[in-house]
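Here's the structure we're looking at; comments come further down.
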Amino acid sequence: MGFFFEINSMNYWIIKSEPNKYSYTQLEKDGRTFWDGVRNYQARNNLREMKKGDLCCYYHSNEGKEIVGLAKVVKESYQDPTTEDKNWVVVDVEPYEKFKSPVSLSKMKEVKSLENLGLIRNGRLSVIKITKKEFDVILKLSAQE
DNA sequence: GCCAACGTTGGC
DNA sequence: GCCAACGTTGGC
């Protein structure tokens, strides 16, 4: 029964990183990392809401401007170890799946069903909640050439 | 490098 | 509690 609860409570996210700071390739090399450096309350609240097993679209900002793959939340939020400030938290993520074809921002802007995507509506937020529908559309795009 | 969009800070 | 000033992010 808990099984169904897990499925229903699952959330989907977009997390952003500049590839020259921490790329998806680096995450694959490391095998696991804590998602630090979030200093925005809205993004922080999203981090707190993340549950183990949630999937995150990994977006490369500035360079690439595309979602390159998926990461999985493997540990829920805890104090950001890089600061004493109790306001900030991290989660642990692992690489989950690298996309065959990355999904570019320009592509997503073209897609009608993604017009309300948080990434497009508020480009500055670094941790974005998305719907299952949006997630599915992105996955579909990643399977295309 | 520019600038729009947004968040934060601090004076009143 | 308002709002001007400032800082940051990130697309272009």
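Keep in mind it's a predicted model, so treat the numbers as computed, not measured. In what follows, every chain begins at residue 1, and chains take the letters A, B, ... in the order their sequences are listed.
No donor-acceptor contact under 3.5 angstrom links the side chains of N45(A) and E49(A), judged on distance only. For the residue pair D80(A)/T82(A), the side-chain donor-acceptor check at 3.5 Å is satisfied. Between the side chains of Y41(A) and N46(A), no donor-acceptor pair is found at a separation under 3.5 Å. For the 3.5 Å distance criterion, the side chains of Y12(A) and D136(A) fail to qualify, holding no donor opposite an acceptor.
For DNA chain B, none of the residues of residues 107-115 of chain A falls under the heavy-atom distance limit of 4.0 Å.
A ring-centre distance under 6.0 Å is not found for W13(A) and Y96(A).
The minimum heavy-atom distance between L27(A) and E94(A), with the atom names listed, is CD2-C, 4.1 Å.
When heavy atoms are screened at a 4.0 angstrom cut-off, L125(A) is found touching no nucleic acid atom at all. Using a 4.0 Å heavy-atom criterion, one finds that R39(A) contacts no nucleic acid atom at all. Across all strands, K16(A) comes closer than 4.0 Å only to sugar-phosphate atoms, never to a base (heavy-atom distances).
Side-chain atoms of M50(A) and N11(A), non-hydrogen and from C-beta on, never get closer than 4.5 Å to each other.
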Could you please spell out the steps behind the ring-ring contact (aromatic ring centres under 6.0 Å, His included) verdict for Y58(A) and W35(A)?
CA-CA 12 Å; Y58(A) 200 110; W35(A) 203 255; 5.4 Å; yes

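Counting 5' to 3', DNA chain C first comes under 4.0 angstrom of a heavy atom of chain A and last does so at the ends given by dG7(C) to dC12(C).
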